[in-house]
Asker: 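If you scroll down you'll find the structure; I have some questions about it.
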Amino acid sequence: MAKNITPKEQDYSQWYLDVIKVGELADYAPVRGCMVVRPTGYAIWEMIQKYFDDAFKETGHVNASFPLLIPQSFLSKEAEHVEGFAPECAVVTHAGGEELEEPLIVRPTSETVIGYMYSKWVQSWRDLPILINQWCNVMRWEKRPRLFLRTSEFLWQEGHTAHATKEEAIEETKKMLEVYRRIMQDYLALPVIPGEKTDGEKFPGADNTYTCETMMSDKKALQAGTSHFLGQNFAKAFEIQFQNKDGEMEFAYTTSWGISTRLIGALIMTHSDNDGLILPPKIAPTKAVIVPISTNDEKMEKEIMPKADELKQKLNAVLGGRYIQIDTQFHMRPGDRFFSHLQKGVPVRLELGEKEFASGKLRVVRRDTGEKFDVTWANIEQELPVLLENIQNSLLEKARNFRIENTHEATTLEEFKEILEKEGGFIEVYFGGTKEDEKKIKELTGATPRCYPLDESEKRGKCFFTGAENSRKAIFAKSY
RNA sequence: CGGGAUGUAGCGCAGUCUGGUUAGCGUACCUGCUUUGGGAGCAGGGGGUCGUCGGUUCGAAUCCGACCAUCCCGACCA
């Protein structure tokens, strides 16, 4: 068995890699910057997908599939978009043994090819809105890859919608941001801050970008999901036009929004400890593991295992899925068996040994706190769901408190620098600067604007950097 | 693409400066016995073209050169 993860204070990235390793989540692929998501990691991704697909049913979005390869010329049709993405595109120049007339790019995102298709699909105001989502892989040749957080190829969900009016498109952008916030908070136990991106941080080609920002356990910020209001930029580039009720031609308003396997990275970096992964129950593919223990083979076979099976059936029925696993690693000693599940982040361990069997109980152990107590077989059906709920809430609370403790206010650049050096974390300021000011602040301090928080969008004050009055409330931090 | 570092068994490393039997250690893995409720003990065993290519030499993991790859700090970003 692997030993503890024992990171040094400054060795955060090694700790992160160790958690991924002991959790058996992912490996490096043979291609630089690419990731192999192992079954345990993929199961988490499937849980995330499930919650989003459920949400899409409520919001009226449907899934579809668009091509992996996009003609290079498509990218150039939107000026900001090509500038933002061209440097990181993988390009296919040969196929079928010949050089292609026009190179193809491996999609870094699908606004262009979907915009092209939408232009063919939309004629009348009756064709709108189009509410489509796609689950797929995309490729961005980033300079510095990092497992889950920034891999060359990553899995994601990209929603692309087209609307007849600006108001409706903006509403859609905010609606999806709220879906993100809710799922991240309620299921992944990530206390995110929804907000609007600054000019310097918004998506290439968007009028506005909204984001869910969250704090990792090293106090750095991570952008967990974004929702973009694209205005008519892509509609004009790809001629998504429709005839309105008055018979006039109009360009549509489009949106796009996405979350990626980065969320798994966020999960790891928010909740894990030095023993490995800690998964919030709602996102854990295995919510509890039953560990039958006995040195007596006959007793194991005839009494303990049948009881374990019975409990598994009952608990699965209560939880409404196949969420309970029975540990059958009988070649291992009990301590090793416990530890293997602990490292993988299984929220609850249910020990069924000879002692428990004799008294009709289970020894219940929480992954997040290590707390242990006994519950009778009769009561476990009621108590497990409550316990899982408690763990879920307590992980969210813990992460939220951590963020609050590590959020400070600054009114001047000096204060800003001092906080960043001494404490790190999020810094709340009033900011009224330009893209260029953002750049200067980054050069001076290493921190970037994360967002203008939506919850405090009414607040106004004096900019800590330019001194401009009536500036918006913003959060700055060092980020991934 | 700049600055720094590193490539030796699945993982973590020693050996390199000062070239010399069959390349070592910890851990993981396999077998056996003893153990068995928070991460085992003893014994035996398998696994390496020492990143790649070239050079120097009687002889290279070790010296020289080129290349490749990875990691960290930047720039870039979901």
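Letters go in sequence order (proteins before strands), and every chain restarts at 1.
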Asker: Can a donor-acceptor pair under 3.5 Å be found between the side-chain atoms of A/Arg337 and the base atoms of B/rG37?
Answerer: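 No.
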Asker: Which residues satisfy the ring pair (Phe, Tyr, Trp, His ring centres under 6.0 Å) test with A/Phe426, sequence neighbours excluded?
Answerer: none
Asker: Out of B/rU36, B/rG37, B/rG38, which nucleotide sits closest to the side chain of A/Val365?
Answerer: B/rG38
Asker: Of the candidate nucleotides B/rA78, B/rG37, B/rC71, which contains the atom at the shortest distance from the side chain of A/Arg363?
Answerer: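 That would be B/rG37.
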Asker: In dot-bracket, 5' to 3', how would RNA chain B read with Watson-Crick or G-U wobble pairs under 3.5 Å, [ ] for crossing ones and | for pairs to another strand?
Answerer: ((((((((.[[[[.)....(...]]]].((((((.....)))))).....[[[[[..)....]]]]])))))))....
Asker: For residues A/Phe85 and A/Trp141, establish whether the separation of their ring centroids is below 6.0 Å.
Answerer: no
Asker: Counting side-chain heavy atoms from CB outward, which of B/rC11, B/rC71, B/rG38 is closest to A/Lys372?
Answerer: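 Taking heavy atoms from C-beta onward, the closest nucleotide is B/rG38.
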Asker: Regarding A/Glu24 and A/Thr40, do their side chains bring together a donor and an acceptor under 3.5 Å, going by distance alone?
Answerer: no
Asker: Which side-chain N or O atoms in residues 47-54 of chain A pair as donor and acceptor under 3.5 Å with protein atoms at least two apart or in another chain?
Answerer:
unit_1: A/Tyr51; atom_1: OH; unit_2: A/Lys282; atom_2: O; d: 2.7
unit_1: A/Asp53; atom_1: OD1; unit_2: A/Asn63; atom_2: ND2; d: 3.1
unit_1: A/Asp53; atom_1: OD1; unit_2: A/Trp135; atom_2: NE1; d: 3.0

Asker: Going by the salt bridge (Lys or Arg N to Asp or Glu O under 4.0 Å) test, which pairs reach into residues 130-142 of chain A, not counting sequence neighbours?
Answerer: none
Asker: Of all the choices, B/rC76, B/rC72, B/rC71, which nucleotide is nearest to the side chain of A/Tyr28 once you look at every atom?
Answerer: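 Looking only at side-chain atoms, A/Tyr28 lies closest to B/rC71.
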Asker: Given B/rC76, B/rG37, B/rG38, identify the nucleotide with an atom nearest to the side chain of A/Asp275.
Answerer: B/rG38
Asker: Assign A/Leu222 to base, sugar-phosphate, or nothing according to its heavy-atom contacts below 4.0 angstrom with the strands shown.
Answerer: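 No contact at all - A/Leu222 keeps every heavy atom at 4.0 Å or more from the nucleic acid.
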Asker: Measuring from the side chain of A/Glu88 (C-beta onward, heavy atoms only), which nucleotide among B/rG38, B/rA40, B/rC76 has the closest atom?
Answerer: B/rC76
Asker: Heavy atoms from C-beta onward define the side chain here; which of B/rA78, B/rU36, B/rC76 lies closest to that of A/Lys143?
Answerer: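 For the A/Lys143 side chain, the nearest candidate turns out to be B/rC76.
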Asker: Roughly how far apart, to the nearest Å, are B/rA9 and B/rG51 at atom P?
Answerer: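 8 Å, rounded to whole Å.
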Asker: From B/rG37, B/rA78, B/rC72, pick the nucleotide closest to the side chain of A/Arg146?
Answerer: B/rC72
Asker: From C-beta outward on A/Arg333, which listed nucleotide comes closest to its side chain: B/rC72, B/rA40, B/rG38?
Answerer: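 Of the candidates, B/rA40 comes closest.
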Asker: At less than 3.5 Å, do the side-chain atoms of A/Glu351 and the base atoms of B/rG38 form a donor-acceptor pair?
Answerer: no
Asker: Under 3.5 Å, sequence neighbours excluded: what are the donor-acceptor pairs made by side chains of residues 473-480 of chain A?
Answerer:
unit_1: A/Lys473; atom_1: NZ; unit_2: A/Glu456; atom_2: OE2; d: 3.1
unit_1: A/Ser479; atom_1: OG; unit_2: A/Arg450; atom_2: NH1; d: 3.4
unit_1: A/Tyr480; atom_1: OH; unit_2: A/Asp218; atom_2: OD2; d: 2.5

Asker: How far does the P atom of B/rC30 sit from the matching atom of B/rG47, given to the nearest Å?
Answerer: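 The answer is 16 Å between these two P atoms.
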Asker: Just to be sure I understand the rule, does A/Lys439 reach a base, reach only the sugar-phosphate, or reach nothing, if contact means heavy atoms closer than 4.0 Å?
Answerer: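 The answer is nothing, as A/Lys439 stays clear of every strand by at least 4.0 Å.
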Asker: Report which part of the nucleic acid A/Ser152 touches: base, sugar-phosphate, or nothing (heavy-atom distance under 4.0 Å, all strands).
Answerer: nothing
Asker: Which residues satisfy the ring pair (Phe, Tyr, Trp, His ring centres under 6.0 Å) test with A/His163, sequence neighbours excluded?
Answerer: none
